[in-house]
Every structure is written in structure tokens, then in C-alpha cells.
Amino acid sequence: MSKSMVPENDDRLLEGGRDNERVIQGHLDSPTWVVDDAWDKFAKVCYSALNAYMNFCREEGLPHSYLLGLDILLTSEIGMVDGKRALVDIRPVILEGPCCNSYPACPNFFAGRLYKQLKKTAVDPDSMIDYPNHPTKVLDRLTVLFREVWQEKGHSGHPVVGVFTRPYPVSEEETAHVLVVEACQRAGLEVYRITPDEQPEVKDGKIWVAGKPVDVCYRRIERKHVPEFYGEELARKIINETPDTIWINNWMIDDLRSKTLEEKVFRRWEAKSGEKISRPITLLGDEITPEAVRSLLDRGGFALKKFDSTGGKGVFLHISEEVAGTIYDALFERYDGRHMEVIPPSGIDQVLEQFSSFDEDSAIQQMRVIDARCLSDHRLVYDTRINVLYNVGKKEWEFVSGMSRVVPCGEHVANGNTLLTNVSSGAEMAPLVFGHLKPGVDRSNIDFGPMMRQLLNGEDTWVPPEETSEAGSAG
């Protein structure tokens, strides 16, 4: 069990292990707003990806998870409008979907705290937006889910709940884990924190801790890390010999943590249903050739996504200076961050040579342009992490929370300038406000990036102004 309680008035954004947490910067001056028609388009992308995921689980006989994260970004291609470089085909796309994000980032934690921080400013989101699920109710909704999945399996009464994590010093999101434990206690659930310190064991088809069989377990550790911290033998038993413990994030789903497999899942669903899943052009296997990758550079660039590339550690961005330079200068001013290579025309052939005999479990995706808001002294690249929860009563997915990871870019930004929106790659956070605006709310006063503004105006192109210093004002 956790030895500490989280102060009720603590609204810091924290990550790290016990006694070693660090504060993540929250950009309250520039929340990410996805509203009205734009929100409907984002939601459609979510549902289409989830349809593909559920179809795959059914056809492969896999139990699905009950809580997933989807990384959706508003993006565009580079094209020509009236003889000028411009952004075309502006639309939300899914970059990391349900087959990659079985271990969603803090749906119970960051959304609520970002909301509380935002409420202390001049912005009152409650007076402006109808949330699908209110950020302050996320923890309560999780505890209801724990009861629902237990009862769905035909059980009565309340389940014994486990919160299964890495060891305390390296638990990554210690405060988040404690908050889940506390929420379960408030809801009247018997709950136990599970780390190696608690010496869990496996018997009778369940994981046990403190002499109690765990009925429902919320897994907050990735599959590949279980042997590292729990030992090979116990890890094997926990993963393979606990069918009677209901895992909120099922173990089998981590086998899908591959952009290669996710693309196959999407293609399977599209062939079966005729439904299109909005995403970048993706090359797999034998499709990856110098000629095919060159075609992506002709569109602006490509991203190499290696297997199990969590947190952006295995994602490498390649940008064509000739095709994308003008647009990137207008949107970002500076873009020389981690895992990025800006390729001059003279370097194209050398980069493409590696794909003459490419043989690894990686995918190549088109590098579509990411939207960025213009602040007083820098630009703010942003994404949207939307967390979804499976409503077992209605047999459908619901939007439960979200956050926006943001990356400062600009001439005067020292630690940033990367288009990788992962906290481990240097990203920070901003509140994500999504849903439909209440009647009478004037969205002209909301700070949107140029792509989001165009999307809300029913347009799918944007031509940068002549002076790059005015780029953000076009939004």
C-alpha cells in the first residue's frame, strides 16, 4: 500500500518515482481547444481507429483493454496554392492509436490537475464547454469501471482491486498511482498497491498480494518491464497464469505495441468495412524502398518508427529542406530538436541509400506538418492525447479525459524546437479542452493555431503570410 496521501490542494503536474518526482511545466497561457466541428472530426478519427482495434481483437480472439490512449494531431501536407508553398489537406490524423497505447498516460491525473490550474486563471472552461466527461470526475469514473467489469463477468459484490506498478523509486508516475488508490478507498473498494516490495504471488489463476486474491487489476507498468523488476519467473506467471484476474489493460495487447502491426490492423478494417481511418501514408515491409521513401520526402518528409518506440525514443524525423523549409520557417521559426534531421537536396540520396535493403520491424510514415500556436515570444507545437474508456453497459467507448503535450519552438528557445510531442523528448503540457462550446460563447477570442482556425472555418488549406513573423496571426 502507499504510505502517503496526496494533499487535496496539490495541483502540480508531476512525474517520477517516490521522493524523486519532478514538476512538468503547464502552459496555462495557451490551452489547446478542440471544439465544435473540429471536435466532431477528431471524435470520428477516434471511433474509426477503435472500430479497427475491436475488430482485430474479435478476429484474433484477444480480450480487449478497457482503457486506451489515442494520439491525434491536427496536420496537413505541403502543396502549392496560387504558386506559393502552402498547407493543404488540413485534417486530424491518428499517429499512435489503440494498438500502441495500451498503457495510457495518466488519464486519471494530468487532465484534472490541468483543469484546476486553468480555473485559477481568467479562463473558466465550465462556462464555455460541455465536456464529454468532466476532468474532475475521471477518477470516480475509473472506480465505477472497476465495479462494472467485475459485475460484467457475472460476479456480485465489490472486487478487490490492485494497482500494479514499477517499484516505488522508479514508478514513473507515483502521484498518479497514489491518487488511484485513494479514489478506490473513497469509493469503498478494497485496494492494494502492487510493487515488488509487496511480494505478490500467483496462484489459483490470480495475482495475490497481502494474502488476498486480486479480482480487478489496473496495470501501470509496461509488459517489457515486468521481468526487469519482478524477475523472469514471477513475470512469466503474472503475465500468463492470471486469467481470473481481470486486467484493465490486458497483457496481450502489449504485443500490439508496434506501428507495423497497427497499420495492418487499420488496413484489415478498411478492407472489411470500407471505412477510412485518417492517418499519414504508411509504408511497411517490402513497400519500404528508396523510391517510395523519396515520394514522402517530395511531400515534405518522413518519420521512421521503430518497434516498441514508446515515448518518442524510437521515432526519427526527416525533413526535406527544399520542400518543407519555407512552411516550417513560417510555423515554427526553429526546428532543430531531438531525433530530427533537416535534409538538404545534396543529402537526399545518402539518406535513401539505407532503404535499399531495409529489413527491420519498423514503419515509415509520411511526415505531415503539425499545427502550432503563436505566443508572444515563441511558437507552441501541440498534440492531443485523448483517453477513452469502454462502457461495459452500453458496449461502446466514451471519451474520459485528455491532455495536450506542447513543445516550445523559436529563435529564443534553448531546450525545445523538436516536433516530437513526448514528455521524455522534452515536451511540456497544456490543458486540453474538447467538446462543444455552449451557446453564446465567442470562439474568436480563443487562441487557435492557423490549421485549427482554418478547420473551424471549413477550410482545408492555409497560405503563410509573406512575413514569417506574422505566421501565427493568420490563425
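We count residues from 1, following the sequence as given. These numbers come from a predicted model, not from an experiment.
By the 4.5 Å heavy-atom criterion applied to side chains, Glu353 and Pro290 are not counted as neighbours. Side-chain contact check for Cys46 versus Ile72: some heavy-atom pair is nearer than 4.5 Å. Using a 4.5 Å heavy-atom cutoff, the side chains of Tyr115 and Asp11 are not in contact. Taking 4.5 Å as the limit, some side-chain heavy atom of Tyr390 sits within range of a side-chain heavy atom of Lys395. At a threshold of 4.5 Å between non-hydrogen side-chain atoms, the residues His64 and Tyr53 count as touching. In this structure, the side chains of Val88 and Val81 come closer than 4.5 Å at one or more pairs of heavy atoms. Two residues are said to be in side-chain contact when any heavy atoms from C-beta on lie closer than 4.5 Å; Arg368 and Asp89 meet this criterion. Within the 4.5 Å cutoff, the side chain of Val293 has heavy atoms near those of the Ile288 side chain.
Of the possible donor and acceptor atoms, none in the side chain of Thr165 sits under 3.5 Å from a partner among the backbone N and O of Thr195. With hydrogens and angles ignored, the 3.5 Å screen pairs a side-chain donor or acceptor of Gln454 with a backbone N or O of Thr461. Although no hydrogens or angles enter the test, the distance criterion places no donor-acceptor pair under 3.5 Å between the side chain of Ser278 and the main chain of Lys276. A donor-acceptor contact shorter than 3.5 Å is absent between the side chain of Glu333 and the backbone of Cys409. The main-chain N or O of Asn249 is found under 3.5 Å from a side-chain atom of Arg219 such that the two form a donor-acceptor pair. Checked by atom type and distance alone, the side chain of Asp371 pairs as donor or acceptor with a backbone atom of Met452 at under 3.5 Å. Here the side chain of Asn20 pairs no donor or acceptor atom with the backbone of Gly16 at under 3.5 angstrom. Using modelled atom types, no side-chain atom of Arg338 and backbone atom of Thr418 make a donor-acceptor pair closer than 3.5 Å. Of the possible polar contacts, none joining the Arg379 side chain to the Gly410 backbone as a donor-acceptor pair under 3.5 Å is found. Distance alone, capped at 3.5 Å, is enough to place a donor-acceptor pair between the Glu21 side chain and the Thr175 backbone.
Nearest approach of Ile129 to Phe434, heavy atoms of both residues: CG1-O, 3.9 Å. Minimum heavy-atom separation, Ile94 to Ala49: CD1-CB, 3.5 Å. Heavy-atom minimum distance, Leu297 versus Ser320: O-CB, 3.5 Å. In this structure, Val433 and Leu118 approach most closely via the heavy-atom pair CG2-CD2, 4.2 Å. Residues Val400 and Val138 come closest through the heavy atom pair O-CG2, 3.2 Å. When all heavy atoms are compared, the tightest approach of Tyr218 to Arg220 is OH-NH1, 3.1 Å.
Within the model, atoms CG of Leu456 and NZ of Lys41 stand 8.5 Å from one another, a figure rounded to the nearest 0.5 Å. Here CD1 of Ile327 is found 9.5 Å from CZ of Phe332. Values are rounded to the nearest 0.5 Å. In this structure, OG1 on Thr242 lies 7.5 Å from CH2 on Trp251, to the nearest 0.5 angstrom. Here the CZ atom belonging to Arg85 is positioned 7.0 Å from the CD atom belonging to Glu322, to the nearest 0.5 angstrom. Note that the CD1 atom of Ile319 and the CE atom of Met367 stand 5.0 Å from one another [nearest 0.5 Å]. The distance from atom CH2 of Trp269 to atom CG of Asn55, rounded to the nearest 0.5 Å, is 5.0 Å.
Using a cutoff of 4.0 Å between basic side-chain nitrogens and carboxylate oxygens, Glu263 and Arg267 are scored as salt-bridged. Between Arg279 and Glu270 there is a salt bridge, with a side-chain nitrogen of the basic residue lying less than 4.0 Å from a carboxylate oxygen of the acidic one. Using a 4.0 Å cut-off between charged nitrogen and carboxylate oxygen, Arg385 and Asp383 do not count as a salt-bridge pair. A salt bridge links Glu59 to Lys272: at least one charged side-chain nitrogen sits closer than 4.0 Å to a carboxylate oxygen. A salt bridge links Glu262 with Lys259; the closest basic N to acidic carboxylate O contact falls under 4.0 Å. The pair Glu96-Lys305 counts as a salt bridge, with a side-chain nitrogen and a carboxylate oxygen less than 4.0 angstrom apart. Look at Glu233 and Lys237 and you find a salt bridge, because one of the NZ, NE, NH1 or NH2 atoms lies within 4.0 Å of a carboxylate O, short of that distance. The pair Glu174-Arg18 meets the salt-bridge criterion, with a side-chain N (NZ, NE, NH1 or NH2) lying under 4.0 Å from an Asp/Glu carboxylate O.
For the side chain to side chain donor-acceptor pair (under 3.5 Å) with Glu428, the lone residue among His27, Gln25, Arg405 that qualifies is His27.
Side-chain N/O atoms of Asn250 and Tyr66 include no donor and acceptor closer than 3.5 Å. When only modelled atom types and interatomic distance are considered, Arg373 and Thr32 share a side-chain donor-acceptor pair under 3.5 Å.
Cation-pi contact between Arg268 and Phe56: absent, since separation from the ring centre below 6.0 Å together with deviation from the ring axis within 45° is not met.
Other residues, nucleotides and ligands place no more than 12 heavy atoms under 6.0 Å from the CD atom of Gln350. The environment of Lys394 atom NZ is sparse: at most 12 non-hydrogen atoms of other residues, nucleotides or ligands sit within 6.0 angstrom. By the neighbour-count criterion of 12 heavy atoms within 6.0 Å, atom NZ of Lys438 is densely surrounded, having more than that number from other residues, nucleotides or ligands. Surrounding CG of Asp442 are more than 12 heavy atoms belonging to other residues, nucleotides or ligands, all under 6.0 Å away. Atom CG of Asp377 sits in a crowded spot, with more than 12 heavy atoms from other residues, nucleotides or ligands closer than 6.0 Å.
Note on ring orientation: taking the six-membered ring where Trp is involved, the planes of Phe164 and Trp247 are perpendicular (angle over 60°, cut-offs 30° and 60°). Below 30°, between 30° and 60°, or above 60°: for Tyr335 and Tyr328 the angle between ring planes is above 60°, a perpendicular geometry.
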Residue pair Trp462, Arg453: steps toward the side chain to side chain contact (heavy atoms under 4.5 Å, CB included) verdict: CA-CA 10 Å; Trp462 177 69; Arg453 178 67 70 186; over 6 Å; no
Are Val463 and Asp82 close enough, and set up right, to give a side chain to side chain contact (heavy atoms under 4.5 Å, CB included), and what steps lead you there? CA-CA 9 Å; Val463 181; Asp82 296 331; 6.0 Å; no
Test side chain to side chain contact (heavy atoms under 4.5 Å, CB included) on Met128 and Trp33; report intermediate values, then the result. CA-CA 11 Å; Met128 302 174 68; Trp33 295 80; 3.7 Å; yes
With side chain to side chain contact (heavy atoms under 4.5 Å, CB included) as the criterion, how do Trp397 and Leu70 come out once you've worked through the C-alpha distance, each side chain's angles and the decisive distance to 0.1 Å? CA-CA 12 Å; Trp397 292 93; Leu70 300 96; over 6 Å; no
Would you sort out whether Asp349 and Arg294 count as a salt bridge (Lys or Arg N to Asp or Glu O under 4.0 Å), showing the intermediate values? CA-CA 9 Å; Asp349 290 340; Arg294 185 186 296 275; 2.8 Å; yes
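The distance between the ring centers of Phe42 and Phe399 does not fall below 6.0 angstrom.
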